[in-house]
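Reviewing the structure listed below.
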Amino acid sequence: MNNSEHGIEGDWLGYKRTFMVDKDTMLDNFHLILSISKDSIKAINFKFIAHGCRDSISKSSYSLFGNSLIVSSDRKSPDTLGIDVLNETTLILSTSKSKHIYSRLVKLETKSQKTELGKKMFTISDSTQIIDTIEFLDNSSLLTYNSKLGRPNQIFEWRVRNYLDYEFLIIDSQEMPVFLIDAIDTNHYELKRNPDDNIEYNLNSIDFQEKLTPNMLFGKWIGKSNVPDTDISFNFSTDSVQLDELTGGLIVTGTYSLNLNGTKMFCFHKYAGEVIFYEIEKFRNDSMFLNRLEPIKDSFLLTREN
């Protein structure tokens, strides 16, 4: 079979996978770009992979036999994939256990406005409701939360990658797919799973004012938690903190950061084994009231030690 006549050559964006569990059909996010030439397939994965690699690129040879795509590489035996659907816009490849759905990517003639997300706060919404507030804290980390829907505070890595003049927003969370991102302007972005997707998400910027900075936290703060007779302390420097909160009185050193408007604080130290999130409900030069949001809710008043 002539490859060109078959129409499989080109660039394909994988975005959806279906598979069977017992007798139920399940669906999850999937991400892989296949760039198929006359004699080879280049597979590009911008998303995080189970063993920790990112932005991986692999190249394999292939052949077509009937309605099968046979992919060969030097490292393993050939894989045979069924070609269930192939037309101008859609490619569906199947194994005995799953189907992978691709949409054709055609190089954009004009590039949209450049994506600028760092140090900005957005809401992400579908057509019905706001899903999360997303704070792009810097060029590699972001914070998501939605207290109204009971969605927890979470820190993820993020990045933008470019291919065929499409910009891909990658957030290293199992819950979030890879999005094609289109900048309407610097305050409004549209997100889609593939170029022909009817489901559209929106990032709309939120104005904010910085209420608290690390410089305002410098020094030692002491107080008690709601657990009777439990003394706690925080000793802040520029980006590190010594504390005995959640450690049973053991002083540990960790790092901390504030969100963009200085209303949330997140600490990292090995003792807790996870990120500790606080809400700074009230702040004065000599006192502040903290709510611990995760992992265990609590609240306490701290006073600055002279």
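Keep in mind that this is a model prediction, so the values were computed, not measured. Reckoned from all heavy atoms, side chains included, excluding hydrogens, waters and symmetry mates.
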ring-ring contact (aromatic ring centres under 6.0 Å, His included) against Phe19, all qualifying residues, sequence neighbours excluded: none

Aromatic Tyr145 / basic Lys264 pairing, under 6.0 angstrom, 45° off normal: yes

Close aromatic pair by centroid cut-off 6.0 Å: Phe234 and Tyr278: yes

Nearest atoms (heavy-atom pairs only) where Pro214 meets Thr238: CB-O, 3.7 Å

Leu93 CG to Asp84 CG distance, which is reported to the nearest 0.5 Å: 8.0 Å

Where at least one partner belongs to residues 194-219, residue pairs that pass ring-ring contact (aromatic ring centres under 6.0 Å, His included), sequence neighbours excluded: Phe179-Tyr201

Partners meeting salt bridge (Lys or Arg N to Asp or Glu O under 4.0 Å) with Arg292 (sequence neighbours left out): Glu245, Asp298

Counterpart residues, salt bridge (Lys or Arg N to Asp or Glu O under 4.0 Å), relative to Asp28 (two or more places apart): Arg17

All side chain to side chain donor-acceptor pair (under 3.5 Å) counterparts of Glu281, not counting sequence neighbours: Asn291

Side chain proximity check, Lys270 to Val252, heavy atoms < 4.5 angstrom: no

Contacts of type ring-ring contact (aromatic ring centres under 6.0 Å, His included), residue Phe156, not counting sequence neighbours: none

N-O pairing of Arg104 and Asp196 below 4.0 Å: no

